[in-house]
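In what follows, a structure is listed as structure tokens, so that the remarks can point back to it.
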Amino acid sequence: MASIPCFIANWKMNKTVTETASYLSDFIGKYAELSDHPPQVIIAPSFTSLSIMANTLKEQGSKIALAAQNLHFEPSGAFTGEISAEMLCAAGCDYVIIGHSERRNLFGETDEMVHRKLLSARKAGLIPIICIGESLKDRHTEKTWPRLQGQLSAVLTDDIIKSGLAENISDWLIAYEPVWAIGTGETPEPDEVADVHRQIQGFIENTAGKGSPRILYGGSVSEKNIETFMKPPEIGGVLVGGASLSAETFFKMIALATNGT
Ligand code: PEP
């Protein structure tokens, strides 16, 4: 597991362009002062804020990376309201979130669609942040691992591995996000998360055989619990939704998790 932790802010459908600029004016400077070896920070704003964020990060020479929250799997065409991988690259994105549970559950994204999105993202050179997670029912019926394994096998298929699109898999990020923990204030114990991360890592190493992506935890991470989630070495970082919307809170979480280094 890589030693530099990774912190992802998923803003979901929040913040206008003006609000984005105001967040960055506070956050970029604080992040730059953290240390000579700062943790990896990735922000995923909504589509309308991608350009201003890309330009601001570039102008200020910031190491913060930019992610989109979603993409369409086709390269172009009659898909009103959708955005392609190539458009995201041109807008300055390095990363893209794929398969977030809100996309799966509210917008009907299937494992097959998640797989096609991964294919499209990789062909365009985007680094994927792949979200997987079990429902509360899965958890209560002891189907957590079968669910996660199913989601991973649907995504990491032979066409991706054999065509070389997974060569850089150690740069990919997998976010283990139990659906029942997202936005609810409920969380699993960090030890439980560490066990799941070990299973994910083993599965990916056996399937792709090209090294291991960093595995992050996501689901109601806050100032109160971030330090405990960062303790197990299997947890390579966190994906934060609600608590990342305040620049002050998100920065405080990063400083707490990295002991202010
Ligand atoms: C998320 O958006 O993936 C997420 C983990 O949200 P929250 O931190 O609000 O639970």
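All ligand and atom numbering here is 1-based and tracks the order in the structure.
Put simply, CD on Glu109 and NZ on Lys117 are 3.5 Å apart, with the number rounded to the nearest 0.5 Å.
Under the 6.0 Å cut-off for aromatic ring centres, Phe250 and Phe27 qualify, their centroids lying closer than that.
Protein residues are said to neighbour a ligand when one of their heavy atoms lies under 4.0 Å from it; for ligand 1 these are Asn10, Lys12, His100, Glu177, Ala181, Ile182, Gly183, Gly218, Gly219, Ser220, Leu239, Val240, Gly241, Gly242.
Thr228 and Asn225 share no side-chain donor-acceptor pair at under 3.5 Å.
When each of Asn70, Val96, Leu66, Asp94 is paired with Leu88, the side chain to side chain contact (heavy atoms under 4.5 Å, CB included) condition holds for Val96 and for no other.
Cys131 and His100 make their closest contact through CB-CA, 3.7 Å (heavy atoms, listed as atom of the first residue, atom of the second, distance). Minimum heavy-atom separation, Gly211 to Ile204: O-CG2, 4.4 Å.
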